[in-house]
Engineer: 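Pasting in a structure now, in structure tokens, and then I'll have a few things to ask.
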Amino acid sequence: MALRHFLTLMDFSSDELNGLMTRAIELKAMQRRGEIYEPMKNKVLGMIFEKSSTRTRVSFEAGSAQFGGHAIFLSPRDTQLGRGEPIEDSSRVLSSMVDIIMIRTFEHEKIERFAAYSQVPVINALTDMYHPCQLLADMQAYVEQRGSIKGRTVTWIGDGNNMCHSYINAARQFDFKLQIATPLGYEPDAALVAAAGDAVSLGNDPQAAACDSDLIVTDVWASMGQEEEQKAREASFANFQVNESLMKAAKADALFMHCLPAHRGEEVSAGVIDGPQSVVWSEAENRLHAQKALMEFLLKESLIKSG
Ligand code: CP
Ligand code: NVA
């Protein structure tokens with residue numbers, strides 16, 4: 001059996017993703033009860049961050065500690081990765097020393113190359129193309145609040161970015177309908193949209209996309225690495241703010257999600273993100289539980305592989 005990685009939501013079956021969610025809910029309850037559970041005793045997580053992070057770093061590091069394991073934070077500033085050591089060489093070396101690795105980087109192709117040379121499972125902790133760990137947390141937050149997301153309508157407002165791409169994959173894997181509204185020129189990857197078929201519809205009208213929706217989701221207008229585009233994007237995205245008027249187009253009990261960090265007054269109004277429909281704090285907390293479920297699963301799978 002091949003070594004398992006989690007580079008996109010499509011690396012797992014729909015049943016496996018639903019299983020992870022159920023397990024994350026159990027792990028959350030265990031954590032709340034103060035139960036000690038240490039499946040990572042003597043195991044080490046390597047964490048490579050080429051971009052900033054609050055939630056991802058703390059959730060992976062705290063999760064490893066709670067599981068009885070250890071996490072090593074590696075940044076390009078103080079490793080040879082930042083001085084041009086080939087990704088393939090770094091992968092061979094690091095994966096001979098640690099048990100599991102997570103990477104946050106720019107080009108998705110880079111994490112694919114790293115995984116191809118790794119002896120241990122690799123987790124995508126965000127690339128320019130995808131952010132699958134956030135989707136595990138978001139799907140868990142939806143289920144906790146409203147039950148199954150299967151057959152529901154979800155709306156993506158804003159940039160056709162890494163989060164949008166992962167929502168497209170989630171629509172396929174969790175079987176919901178995704179209505180996307182982006183400004184012209186900021187559409188998601190066309191091949192991904194095509195692969196999702198009827199599960200995804202694409203347009204440029206936020207009100208129409210939000211119509212009768214069960215869940216409204218947005219993200220920053222300029223992602224990490226696009227800081228110099230911020231001003232131009234503010235003009236293009238001006239009509240794409242999730243505010244009280246847009247939420248009114250959705251169902252009365254619709255939820256609001258945002259992976260954070262957020263810019264109040266840009267992609268979301270303070271009234272919405274801090275209001276009663278917002279579940280952003282559950283999404284953030286669930287990163288911890290969802291990734292613990294993910295690490296537990298991948299470590300078990302790699303034990304099976306090594307016999
Ligand atoms: N949502 C998310 O991934 O947050 P960080 O950038 O803080 O890790
Ligand atoms: N789209 C954002 C998500 C941050 C968690 C970014 O890539 O910066």
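Just so you know, ligand 1 is whichever comes first in the structure, and atom 1 is the first atom listed for that ligand.
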Engineer: Out of Pro261, Ala284, Cys259, indicate the one that has the non-hydrogen atom closest to atom 1 (N) of ligand 1.
Structural biologist: Cys259

Engineer: How far is atom 2 (C) of ligand 1 from the closest protein heavy atom, and which atom is that?
Structural biologist: Arg287 NH1, 3.4 Å

Engineer: Under a 4.0 Å threshold between the charged nitrogen and the carboxylate oxygen, would Arg32 count as salt-bridged to Glu285?
Structural biologist: yes

Engineer: The criterion is side-chain hydrogen bond (donor to acceptor under 3.5 Å, both in side chains); which residues satisfy it with Asn286, sequence neighbours excluded?
Structural biologist: Lys28, Gln140, Glu144

Engineer: Quick check: do Asp159 and Phe240 have side-chain heavy atoms less than 4.5 Å from each other?
Structural biologist: no

Engineer: Side chains of Glu35 and Gln31: do they bring a donor and an acceptor to under 3.5 Å?
Structural biologist: no

Engineer: Would you indicate which of Asn162, Leu260, Asp128, Asp219 comes nearest to atom 7 (O) of ligand 2 when only heavy atoms are counted?
Structural biologist: Asn162

Engineer: I'd like to check which ligand 1 atoms, numbered from 1 as shown, lie under 4.0 Å from a non-hydrogen atom of Leu260.
Structural biologist: 1 (N), 2 (C), 4 (O)

Engineer: Can we say Glu296 and Lys292 salt-bridge, meaning some charged N sits less than 4.0 Å from an Asp/Glu carboxylate O?
Structural biologist: no

Engineer: Are Asp212 and Lys251 within salt-bridge range, i.e. N to O under 4.0 Å?
Structural biologist: no

Engineer: Test Arg104 against every option in Arg57, Glu50, Met224 by the side-chain contact (heavy atoms from CB on, under 4.5 Å) rule and name the one that passes.
Structural biologist: Met224

Engineer: Give the numbers and elements of all ligand 1 atoms closer than 4.0 Å to a heavy atom of Thr54.
Structural biologist: 5 (P), 7 (O), 8 (O)

Engineer: Would you check whether Arg57 has a nitrogen or oxygen atom less than 3.5 angstrom from a nitrogen or oxygen atom of ligand 1?
Structural biologist: no

Engineer: Give the atom numbers and elements of ligand 2 that come within less than 4.0 Å of a heavy atom of Asn161.
Structural biologist: 1 (N)

Engineer: Say whether Lys51, considering both its backbone and side-chain N or O atoms, lies within less than 3.5 Å of an N or O atom on ligand 2.
Structural biologist: no

Engineer: Is Asp159 touching ligand 2 with its side chain, its backbone, both, or neither, if touching means heavy atoms under 4.0 Å apart?
Structural biologist: neither

Engineer: Going by heavy-atom distance to atom 6 (O) of ligand 1, choose the closest among Arg104, Lys51, Arg55.
Structural biologist: Arg104

Engineer: Considering both backbone and side-chain atoms of Val220, is one of its nitrogen or oxygen atoms within less than 3.5 Å of a nitrogen or oxygen in ligand 2?
Structural biologist: no

